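Predicted model, so just to flag it, every value in this text is computed and none were measured. Numbering starts at 1 and runs along the sequence shown.
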Amino acid sequence: MRFPDGFLQEIKFRNDIEDIVSRYVPLKQNGSRLVACCPFHSEKTPSFTVYKDTKSYYCFGCGAGGDVIYFMMAIENIDYLTAVTKLADIAKIPIPEDDSEYRDKMIRQKRIIELNREAALYFHDNLISLKTDEGDKVREYLRKRGLKNATIKHFGLGYATSSWNSLTKYLSEKGYSKDEQRAAFLCGVTKKGDYTDYFRGRLMFPIIEPGGNVIAFGGRVIEGDGGGKKYLNSSDTPVFKKSRNLYALNFAKNSKRGYLIMCEGYMDVISMHQAGFTNTVATLGTAVTSEQARIISKYTNKVVLAYDSDDAGKKAMQKAHGLLSEAGIEVKVLSLDDAKDPDEFINKYGNKILENYLVKPKGYVETKLDGIYTKYDLDNPEDRIKALNESCEEISLINSEIEREVYGIKLAEKFKISSDNIIKEIKRQAAKRLKKEKSDFINGELRKISGYGDRINPDAVKSPAAVKIEEAILGLLMQYPEFYGDTKYILSEDMFITEFNKKIYTAFKNAVEDNSLINEANFDTALITKDFSPEETGRITKMIVANTANVVNIARAANSNNNVNINNIKNTLENLVESLKEQNKINGEKNINIKEIAAADDGFVKFIENKRLQEQLKKDIKR
C-alpha cells in the first residue's frame with residue numbers, strides 16, 4: 001500500500017504512541033522510557049518498551065517492534081491498510097482521495113462483503129424453502145440434531161445444493177463477476193475453464209466477524225453423504241484470515257458470563273448457544289493460533305476448553321493451553337463423562353447438568369493427571385510406577401514452585417506415598433528440565449550470534465561480524481540521518497554483505513534523498529517500514545534501540561556526560577564504514593560458501609564444538 005509519506009508522518013504525529021499503546025497495555029515510567037509486560041507474549045518482568053523520542057516500541061523478550069502503525073497491526077491482528085485507516089479515523093485525518101490503490105482495495109473488500117451477504121441469504125433461503133429431496137434431507141438432519149428454527153435463523157444456517165453452479169449463476173445475475181466470486185472463495189475454475197461452486201451439497205455456516213459482516217463460510221456434508229471431506233472452510237480472502245477469526249465471537253463477545261468456552265466445531269458451538277451458553281466460540285478448521293489467543297485476551301482472561309475427548313482433541317487442548325497461557329489467559333478444562341463432545345453431552349443429559357459441570361471446571365494440570373491415572377492399571381505395581389513417574393514429569397512442567405508442591409502433595413495422597421519423596425522427584429525432574437532449557441537457550445543464542453537459522457536475515461550466517469557492523473551503521477544513520485551526507489561518499493549499497501541490510505540502506509537512502517531530511521534531527525521510520533513486514537520492522541527497530549545505548553556510551557567517553565558530541569558520532573560512523581570494508585576484504589579472502597554452512601545441523605554443531613569460540617560467544621551473550 002503506497003500512502004503518501006506526508007500522510008503517514010501525520011498519522012504518527014497525530015496518534016501519540018504512548019496514548020495508543022496505553023489503550024491496550026498499562027505503561028509505567030522507567031527513566032525516559034515507558035515499560036510494560038508485553039501484550040504479544042507471556043512474561044512477568046516487563047520487557048516491552050515504548051520510546052517517546054523515536055515514537056516506537058520494542059520488546060526485548062519476543063523481538064516485536066515498530067511504530068504506532070505496526071503496534072496497531074499486531075494488537076488488533078489487522079493488515080497495514082486497515083491499521084492506517086483505523087488510526088486515521090482516531091485522529092480524524094481524511095484518507096488521501098488520490099490514493100487509487102487504497103480506494104480500489106476498499107471497494108474490492110466492500111464488494112466481497114456484500115457478495116458474502118448475498119450468498120448467505122441464498123444459502124439460508126435454500127434451507128428454508130427448497131422443495132426437493134435435498135431440502136427435506138438437510139432439514140430432517142437439523143431436526144434430529146435438535147436445532148430449533150430460532151437457532152437456525154440466529155446463526156443464519158443455510159444449504160448449498162449439489163448443483164455444480166447454482167450459486168455462481170445466482171451471484172452473476174446479481175451483478176458480481178466471476179473474479180469477485182473466486183476472490184471470495186465461493187467458486188473455482190475447472191481445467192476446461194468452467195466456473196463451479198466451491199460448496200456443493202453441504203450444510204452452510206456463515207462466519208461473521210464481531211462487526212456483523214459475513215466474511216467467510218464453513219460447509220458440512222450431511223451424514224450419509226459421500227461428498228468428500230466432512231468439512232470445507234473458506235481459504236484466506238481479502239476480508240478473511242482463518243488464524244485471526246473465531247466462530248460465533250460476534251455473539252459471545254456480548255455474553256455476561258465473564259469467560260469464554262472454546263469448542264472444536266460449529267455444531268458444538270450452536271448447541272451450546274441454544275442451551276444458553278452464549279459465551280461459546282470455536283476455531284475455524286485449525287488449531288488455536290497465537291493471533292486468536294491475543295484476540296480472546298481482549299475480551300476475557302479466562303477460557304474453559306470443551307474439546308472432544310479423543311486423541312486429536314487432547315492434542316488440540318495441549319496446544320491451546322500453551323498459546324492461551326502465553327497470552328495471559330487462565331485455562332480450565334470441561335471434562336464431560338460419557339460424551340465425545342459438548343453437543344452429544346447436551347443431547348444426553350441436558351443443559352442443567354452441563355451448567356453444574358461449568359460451576360467448577362478442572363484446571364489443565366488436574367485434567368492431564370486424571371488422563372494419566374486412567375491410562376494405567378494402578379493396582380499393578382509396574383503400571384503404578386509408570387503413572388507416578390509420568391505424573392511427576394507433568395507436575396515438573398509447572399513454573400511455580402508453590403503450585404508444584406500443592407500438586408505433589410495431592411499426588412502423594414492419591415498414591416499413599418511420602419510427600420517428601422514425591423516433591424524431591426518433582427524437583428529433580430524440574431531441575432533436569434531447567435538444565436535442558438538453559439542449554440537450549442544458550443545454543444539458540446549461539447545460533448543467533450552466528451546468524452544461523454535467521455529467517456529475517458538469512459545471509460547473516462555468512463559473516464556475523466560484518467552483520468553487527470552493518471546493523472550499527474544502519475541504527476546510527478536512522479537515528480541521526482543528518483550524518484548521511486558525511487557517509488554517502490564512502491558507503492554504498494554494494495558494501496552490505498546481507499541482502500536484508502542492503503534493502504534497509506537503500507530504502508533509507510531513497511527516503512532521505514526524496515524528502516530532503518539530511519538536516520533533520522530525527523528520522524521517521526514510517527518512511528521506510530511501509531515496505532517491510534512486521535517481523536522485519538521489529539528488527540529495524542532493534543537496530544535503532546541498540547544504538548541508542550551506543551550513542552550514550554560515545555558521549556560519556558567523550559564528554560563525561562550524556563550530551564552527544566557531533567564529531568564523535570561522525571567519527572564513529574566513518575570508523576564503522578572502514579571496519580565494514582575491512583570485514584568485506586576478510587570475507588573475500590575466506591571465500592565463504594553459505595550453502596555449505598547452512599546445509600545441515602551438523603554444520604552448526606561443528607561450529608559450536610570449537611570450545612574457544614563457544615566460550616567467547618557465551619561471554620558476548622552475558623554482556
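- When all heavy atoms of P39 and I75 are compared, the closest pair comes out as CB-CD1, 3.7 Å.
- Side-chain rings of Y51 and Y58 stay apart, their centers remaining 6.0 Å or farther from each other.
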May I have the step-by-step check of salt bridge (charged side-chain N to carboxylate O under 4.0 Å, His left out) for E513 and K488, ending in yes or no? CA-CA 11 Å; E513 293 182 351; K488 67 178 181 178; 5.1 Å; no

Could you go step by step and tell me if Q181 and Y195 meet the side-chain contact (heavy atoms from CB on, under 4.5 Å) rule? CA-CA 10 Å; Q181 294 178 50; Y195 287 87; over 6 Å; no

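- The minimum heavy-atom distance linking V577 with M495 is given by the pair CG1-CE, 3.7 Å.
- Under the 4.5 Å side-chain criterion, counting only non-hydrogen atoms from C-beta, L284 is in contact with N245.
- Closest approach of K178 and C187 over heavy atoms only: O-SG, 4.0 Å.
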Assess the residue pair F532 and I540 against the criterion (side-chain contact (heavy atoms from CB on, under 4.5 Å)); give the C-alpha distance rounded to whole Å, side-chain angles, the decisive distance to 0.1 Å, and a yes or no. CA-CA 9 Å; F532 291 85; I540 292 169; 3.9 Å; yes

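- Taking the six-membered ring where the residue is Trp, F48 and F71 present tilted rings, their angle falling between 30° and 60°.
- Using modelled atom types, no side-chain atom of R33 and backbone atom of T49 make a donor-acceptor pair closer than 3.5 Å.
- With D79 contributing its side chain and T82 its backbone, the two residues share a donor-acceptor pair below 3.5 Å.
- Distance check, rounded to the nearest 0.5 Å: CD1 of I490 to CD of E574 gives 5.0 Å.
- In this structure, CZ on F217 lies 10.5 Å from OG1 on T237, to the nearest 0.5 angstrom.
- Here L260 contributes atom CG and I329 contributes atom CD1; the two are 8.5 Å apart, rounded to the nearest 0.5 Å.
- Panel note: side chain T289, backbone S243; a donor-acceptor pair is recorded below 3.5 Å.
- Note on ring orientation: taking the six-membered ring where Trp is involved, the planes of Y505 and F508 are tilted (angle from 30° to 60°).
- Under the 4.5 Å side-chain criterion, counting only non-hydrogen atoms from C-beta, I497 is not in contact with V467.
- Between M262 and I296 the shortest side-chain heavy-atom distance falls below 4.5 Å.
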Solution key, residues 17-27 side-chain donor-acceptor pairs under 3.5 Å, sequence neighbours excluded:
{"from": "S22", "atom 1": "OG", "to": "E18", "atom 2": "O", "distance (Å)": "2.4"}
{"from": "Y24", "atom 1": "OH", "to": "E76", "atom 2": "OE2", "distance (Å)": "2.6"}

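- Contact check for Y70 versus Y57: side-chain heavy atoms found under the 4.5 Å cut-off.
- Between the side chain of D67 and the backbone N or O of I69, at least one donor-acceptor pair lies under 3.5 Å.
- Between P534 and M73 there is a side-chain heavy-atom pair separated by less than 4.5 Å.
- With contacts defined as side-chain heavy-atom distances shorter than 4.5 Å, the pair V68/K12 qualifies.
- Counting heavy-atom neighbours within 6.0 Å of K298 NZ, excluding the residue itself, gives a total above 12.
- Taking all atoms of both residues into account, the shortest heavy-atom contact from I95 to A88 is CD1-CB, 3.9 Å.
- When atom types are taken as modelled, the side chain of N15 and the backbone of L87 share a donor-acceptor pair closer than 3.5 angstrom.
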Please assess L491 against I473 for the test side-chain contact (heavy atoms from CB on, under 4.5 Å), listing each intermediate value before the final yes or no. CA-CA 10 Å; L491 181 66; I473 291 171; 3.7 Å; yes

In sequence, state the C-alpha distance, the side-chain angles, and the governing distance for E330 and V303, and then conclude on side-chain contact (heavy atoms from CB on, under 4.5 Å). CA-CA 6 Å; E330 179 188 2; V303 166; over 6 Å; no

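- Electrostatic pairing of E291 and K241 does not count as a salt bridge here, judged by no charged N lying under 4.0 Å from a carboxylate O.
- Looking at F496 and L474, their side chains come closer than 4.5 Å, going by heavy atoms from C-beta outward.
- Side chain of Q292 to main chain of R294: no donor-acceptor pair is present (N/O by atom type, distance under 3.5 Å, no hydrogens or angles).
- Rounded to the nearest 0.5 Å, atoms CZ (R539) and OG (S533) are 10.0 Å apart.
- Of the possible polar contacts, one joining the N510 side chain to the T506 backbone as a donor-acceptor pair under 3.5 Å is found.
- Looking only at distances, a side-chain donor or acceptor of D236 sits under 3.5 Å from a matching main-chain atom of K242.
- Looking at N575, its side chain does come within 3.5 Å of a backbone N or O of N571 through a donor-acceptor pair.
- Here the CG atom belonging to L573 is positioned 6.0 Å from the OG1 atom belonging to T487, to the nearest 0.5 angstrom.
- To the nearest 0.5 Å, atom CD1 of residue I544 and atom NZ of residue K542 are 13.5 Å apart.
- Heavy-atom minimum distance, L249 versus P210: CD2-CG, 4.0 Å.
- Of all non-hydrogen atoms in G218 and I207, the two that sit nearest each other are N-CD1, 4.1 Å.
- Residue-environment remark: NZ (K502) exceeds the threshold of 12 foreign heavy atoms within 6.0 Å.
- Enclosure of atom CZ in R117 is not indicated, since only 12 or fewer non-hydrogen atoms of other residues, nucleotides or ligands lie within 6.0 angstrom.
- Residues K581 and E578 meet the side-chain proximity criterion, which asks for heavy atoms closer than 4.5 Å.
- Of the possible donor and acceptor atoms, none in the side chain of S47 sits under 3.5 Å from a partner among the backbone N and O of C59.
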